[in-house]
Amino acid sequence: MDSLNRHEDYGQELLDETHLLADPLEQFKDWLREAEAAQIYEPNAFVLGTVDEEHRSRSRTVLLKGVDDRGFFFATNYLSRKGEAVAANPNVSAVFGWYSMYRQVLIQGVAEKVDPAESDAYFGSRPHDSQVAAWSSHQSHPIENRAALDDQFDQALAKFKGADVPRPNYWGGYRIIPTRIEFWKGRSNRMHDRIEFVRTIGGYGITSEWQIQRLQP
Ligand SMILES: Cc1cc2nc3c(=O)[nH]c(=O)nc-3n(C[C@H](O)[C@H](O)[C@H](O)COP(=O)(O)O)c2cc1C
């Protein structure tokens, strides 16, 4: 386990306030494009953190499926552990770790279910077998063995053979409405650059302007 004793130099490329776009969502898109160009594996994967009804934290990887000026869109099962947690507490976090670029983006915000029409549109864009899978897995619930899981899938495949697969009402999208977005750039000697955008969400979902600040590494 050599990695435990390695001290890698994270480079000289700096990040300062003048390098960043005024809109952090546009800046995020730039970094995502650069992560794609650098051929990072699954550059749109992020670690989603939730807190459940009993204040227990849990994280897992999901895929970003859309980003615009409203926020970050991903899709999942609304009855999964993450779905249950978001229903009890909409505060979530997201971590994009593009380690080979010495970059990470940290997001805090509130997750909202998207409009059913938006979930329908995204579900409709998925491959047929992925759509079937949404019907054949009660995500996060125990099952006795793999054979039973395969059986559920085969039954759903047979049911929807040659037919359009409707979106199950327990499956759909969330949008993370961000209140904090931090751009982190690794630097030499652990003196990393951290630039954070912060805003507040008031009544009726009205957001304040983004404020920008540098954080100590
Ligand atoms: C690279 C990667 C991408 C994933 N993408 C998704 C996704 O977009 N949606 C999803 O529900 N689960 C996705 N998963 C599976 C989740 O990590 C997790 O196992 C599942 O959502 C159940 O989480 P929960 O029990 O905490 O709700 C992905 C896993 C990996 C490793």
Side-chain angles (χ1 to χ4, degrees), residues 3 25 28-29 31-68 70-101 103-146 148-150 152-153 156-157 160 165-178:
S3 61
L25 286 142
F28 174 85
K29 288 191 221 169
W31 272 26
L32 179 56
R33 282 186 209 105
E34 287 172 24
E36 289 168 358
Q39 302 197 317
I40 295 217
Y41 184 67
E42 303 286 54
N44 58 325
F46 66 97
V47 176
L48 171 76
T50 53
V51 179
D52 73 12
E53 204 171 14
E54 279 147 42
H55 312 296
R56 289 174 305 207
S57 158
R58 180 177 166 84
S59 308
R60 80 294 280 156
T61 307
V62 295
L63 294 178
L64 184 73
K65 286 292 165 184
V67 54
D68 59 22
R70 293 168 296 175
F72 302 88
F73 173 91
F74 67 93
T76 192
N77 186 310
Y78 289 144
L79 302 178
S80 62
R81 288 185 184 170
K82 74 183 90 47
E84 301 281 354
V86 168
N89 183 346
N91 290 294
V92 298
S93 63
V95 180
F96 289 84
W98 297 311
Y99 309 127
S100 56
M101 301 176 81
R103 284 179 177 180
Q104 108 179 304
V105 176
L106 305 182
I107 296 161
Q108 267 180 293
V110 173
E112 293 178 350
K113 277 187 187 171
V114 302
D115 223 55
E118 200 178 341
S119 289
D120 287 340
Y122 173 64
F123 189 78
S125 76
R126 287 170 68 84
H128 181 268
D129 286 7
S130 303
Q131 294 175 334
V132 170
W135 284 98
S136 43
S137 166
H138 302 285
Q139 194 177 54
S140 314
H141 293 255
I143 190 161
E144 46 288 22
N145 54 37
R146 177 75 208 192
L149 187 63
D150 290 343
Q152 284 183 185
F153 185 65
L157 269 182
F160 293 113
V165 184
R167 177 177 64 86
N169 60 9
Y170 55 79
W171 194 99
Y174 287 102
R175 180 168 286 105
I176 303 175
I177 313 297

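Both ligands and their constituent atoms are indexed starting at 1 by order of listing. On a predicted model such as this, the values are computed, not experimentally measured, just so you know.
By the neighbour-count criterion of 12 heavy atoms within 6.0 Å, atom CD of Glu42 is densely surrounded, having more than that number from other residues, nucleotides or ligands. In the displayed structure, His141 atom NE2 is contacted under 6.0 Å by more than 12 heavy atoms of other residues, nucleotides or ligands.
Among protein heavy atoms, the minimum distance from atom 23 (O) of ligand 1 is reached at Lys82 NZ, 3.4 Å. Counting only heavy atoms of the protein, atom 16 (C) of ligand 1 lies nearest to Thr61 O, 3.1 Å. Of the protein's non-hydrogen atoms, Ser140 OG, 3.5 Å is the one closest to atom 24 (P) of ligand 1. The single protein non-hydrogen atom nearest to atom 6 (C) of ligand 1 is Val62 CA, 3.5 Å, given as residue, atom name and distance. Protein heavy atom at the shortest distance from atom 8 (O) of ligand 1 is Leu63 N, 3.1 Å. Among protein heavy atoms, atom 12 (N) of ligand 1 sits closest to Gln139 NE2, 3.8 Å.
At least one donor-acceptor pair under 3.5 Å links the side chain of Tyr78 to the backbone N or O of Gly173.
Under a 4.0 Å criterion applied to the non-hydrogen atoms of Thr76, ligand 1 contributes the atoms 10 (C), 11 (O). Atoms of ligand 1 lying under 4.0 Å from at least one heavy atom of Ala75, given by number and element, are 7 (C), 8 (O), 9 (N), 10 (C), 11 (O).
Counting heavy atoms from C-beta on, the side chains of Leu32 and Leu64 come closer than 4.5 Å. You'll find the side chain of Phe96 reaches within 4.5 Å of the side chain of Ile107, heavy atoms only.
Scanning both residues, Ala75 and Trp171, for their nearest heavy atoms gives CB-CH2, 3.5 Å.
Here Arg58 has side-chain heavy atoms under 4.0 Å from ligand 1, and that is the only part of it that gets that close.
Screening Lys82, Arg81, Arg60 against Thr76 for a side-chain hydrogen bond (donor to acceptor under 3.5 Å, both in side chains) leaves a single residue, Lys82.
Using a 4.0 Å cutoff on heavy atoms, Glu42 does not count as a contact of ligand 1.
Ring geometry for His138 versus Tyr170: interplanar angle of 30 to 60°, hence tilted.
Under the 4.0 angstrom criterion, atom 19 (O) of ligand 1 counts as lacking any protein heavy-atom contact.
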